[in-house]
Amino acid sequence: MTTLSVTTWSLEQTAPTDLRPAAVPEGDVRVVRSEVPSPEFSRFLYASVGGDIRWTDRLGWSYARWREHLERPGVETWVAYDRGTPAGYVELEAQDEGVVEILYFGLLPAFRGRRIGGHLLSYGVARAWELADRWPGVKPTTRVWLHTCSKDGEHALDNYLRRGFRLFDTKVEDEPEVVTPGPWPGAYSA
């Protein structure tokens with residue numbers, strides 16, 4: 001089996017003032033919270049955003065597993081829409097002691113390179129800092145963190161750094177190389 005050397009960077013913010021927001025893109029771009037847990041919609045976002053960059057860890061999840069995850073207190077999905085079409089998303093998860101992880105963030109391929117990503121990330125990070133306001137029983141946010149890797153988009157790490165995240169860990173590991181799944185079988189074949 002062929003392996004791929006993957007670098008994973010872990011980044012964090014430790015105060016709301018760390019956030020350096022991106023400019024709002026031109027046009028009709030809106031970010032809306034997906035308040036009704038929908039395994040179908042979340043799987044669509046996951047497969048559509050991550051299909052060309054080898055997001056595979058959730059592809060085997062059952063409907064029940066998706067629902068269980070989405071219904072957990074402090075899990076939120078914020079979706080960017082460009083003229084009414086889903087363009088990308090950011091998924092937040094409240095963790096212990098006021099920590100919020102950005103579990104997933106990205107744009108569908110057709111919406112990359114249009115300045116939507118910086119805006120969506122800024123919006124999502126701001127929502128992470130105020131997450132406890134929407135979830136009784138969740139501790140106020142003291143830290144927002146995420147990880148990205150060399151398989152993610154070529155501008156991913158720079159976007160996080162420009163938004164005020166600081167690097168706190170780097171790991172390099174060999175992973176089995178997997179076929180890029182796309183949002184459905186054969187979506188990215190020549």
Practice task
Let me see the working for Phe165 and Ile102 under side chain to side chain contact (heavy atoms under 4.5 Å, CB included), right down to the final yes or no.
Solution key: CA-CA 12 Å; Phe165 281 91; Ile102 296 176; 4.0 Å; yes
Handout entry: Donor-acceptor pair, side chain of Arg143 and main chain of Glu12, under 3.5 angstrom
Key = no
Problem - Cluster check Val32, Val29: I/L/V/M/F/W/Y, side chain < 4.5 angstrom - result: yes
Practice task
Flag the pair Leu157 / Asp152 as yes when at least one side-chain heavy-atom distance between them is below 4.5 Å, and no otherwise.
Solution key: no
Handout entry: Over 12 foreign heavy atoms within 6.0 Å of CD, Glu40
Key = yes
Exercise for the section: With the side chain counted from C-beta on, respond yes when Glu97 and Thr142 share a heavy-atom pair under 4.5 Å apart, and no when they do not. Expected result: no
Problem - Nearest-0.5 Å distance that lies between atom CG in Leu161 and atom CZ in Arg20 - result: 8.0 Å
Handout entry: Side chain to side chain, Ser38 and Leu70, heavy atoms closer than 4.5 Å
Key = no
Exercise for the section: Please examine the side chains of Leu92 and Val144, heavy atoms only from C-beta on, and report whether any two atoms are closer than 4.5 Å. Expected result: no
Fill in the blank from the handout: Shortest non-hydrogen pair, Pro86 vs Phe41, comes out as CG-CE1, 4.3 Å
Practice task
Taking all non-hydrogen atoms of both residues into account, name the closest pair between Thr77 and Ser42 and its distance.
Solution key: OG1-OG, 4.3 Å
Exercise for the section: Search all heavy atoms of Gly117 against all heavy atoms of Leu107 and return the closest pair with its distance. Expected result: N-CD1, 3.5 Å
Fill in the blank from the handout: Taken to the nearest 0.5 Å, the spacing of Asp133 CG from Leu131 CG works out to 8.5 Å
Handout entry: Arg162 CZ: over 12 foreign heavy atoms closer than 6.0 Å
Key = yes
Practice task
Identify whether Tyr123 and Tyr81 are in the same connected component of the hydrophobic contact network (ILVMFWY, side-chain heavy atoms under 4.5 Å).
Solution key: yes
Problem - Pairing residues for Glu93 by the side-chain hydrogen bond (donor to acceptor under 3.5 Å, both in side chains) criterion, not counting sequence neighbours - result: Arg72, Gln95
Handout entry: Rounded distance [0.5 Å steps], OG in Ser150 versus CD in Glu175
Key = 8.0 Å
Practice task
Grab the two heavy atoms, one from Thr148 and one from Leu11, that are nearest each other, plus how far apart they are.
Solution key: CG2-CD1, 4.1 Å
Problem - Salt-bridge criterion met for Arg134 and Glu76 (N-O under 4.0 Å) - result: yes
Handout entry: Euclidean distance, His155 NE2 relative to Tyr160 OH, rounded to 0.5 Å
Key = 13.0 Å
Practice task
Compare all side-chain heavy atoms of His119 with those of Val31 and state whether any distance is below 4.5 angstrom.
Solution key: yes
Handout entry: Euclidean distance, Lys171 NZ relative to Thr7 OG1, rounded to 0.5 Å
Key = 12.5 Å
Exercise for the section: Determine yes or no for a side-chain-to-main-chain donor-acceptor pair under 3.5 angstrom, with Arg115 supplying the side chain and Val24 the backbone. Expected result: no
Exercise for the section: Could I get the full list of side chain to side chain contact (heavy atoms under 4.5 Å, CB included) partners for Val49, not counting sequence neighbours? Expected result: Trp55, Tyr89, Leu108
Exercise for the section: Could you tell me how the ring of His147 sits relative to the ring of Trp145: parallel (under 30°), tilted (30 to 60°) or perpendicular (over 60°)? Expected result: tilted
Practice task
Measure across Leu120 and Gly88 and return the closest heavy-atom pair with its distance rounded to 0.1 Å.
Solution key: CD2-C, 3.7 Å
Problem - Greater than 12 external heavy atoms within 6.0 Å of Lys139's NZ - result: no
Fill in the blank from the handout: Tightest non-hydrogen contact, residues Pro21 and Ser122, listed as CA-OG, 3.3 Å
Exercise for the section: Could you tell me whether Glu130 and Arg127 have a side-chain N and a carboxylate O separated by less than 4.0 Å? Expected result: yes
Handout entry: cation_pi(Arg163, Phe105) dist<6.0 Å, angle<=45
Key = no
Exercise for the section: Following the transitive rule for hydrophobic clusters with a side-chain heavy-atom cut-off under 4.5 Å over Ile, Leu, Val, Met, Phe, Trp and Tyr, establish whether Trp135 and Trp129 coincide in one cluster. Expected result: yes
Problem - Hydrophobic cluster partners of Val36 (side-chain heavy atoms under 4.5 Å) - result: none
Handout entry: Side-chain donor or acceptor of Asp18 paired with backbone N/O of Thr14 under 3.5 Å
Key = yes
Exercise for the section: Have a look at Pro39 and tell me which of Glu68, Arg67, His69 forms a side-chain contact (heavy atoms from CB on, under 4.5 Å) with it. Expected result: Arg67
Handout entry: Contact check, side chains of Arg58 and Leu103, non-hydrogen atoms, under 4.5 Å
Key = yes
Practice task
Check the angle between the aromatic planes of Tyr46 and Tyr104 and answer parallel, tilted or perpendicular using the 30° and 60° thresholds.
Solution key: perpendicular
Problem - Asp52 side chain near Arg112 side chain, heavy-atom distance below 4.5 Å - result: yes
Handout entry: Side-chain heavy-atom pair Asp82, Arg114 within 4.5 angstrom cut-off
Key = yes
Problem - Donor-acceptor pair, side chain of Thr2 and main chain of Glu177, under 3.5 angstrom - result: no
Handout entry: Separation between CD1 of Ile53 and NZ of Lys151, rounded to the nearest 0.5 Å
Key = 9.0 Å
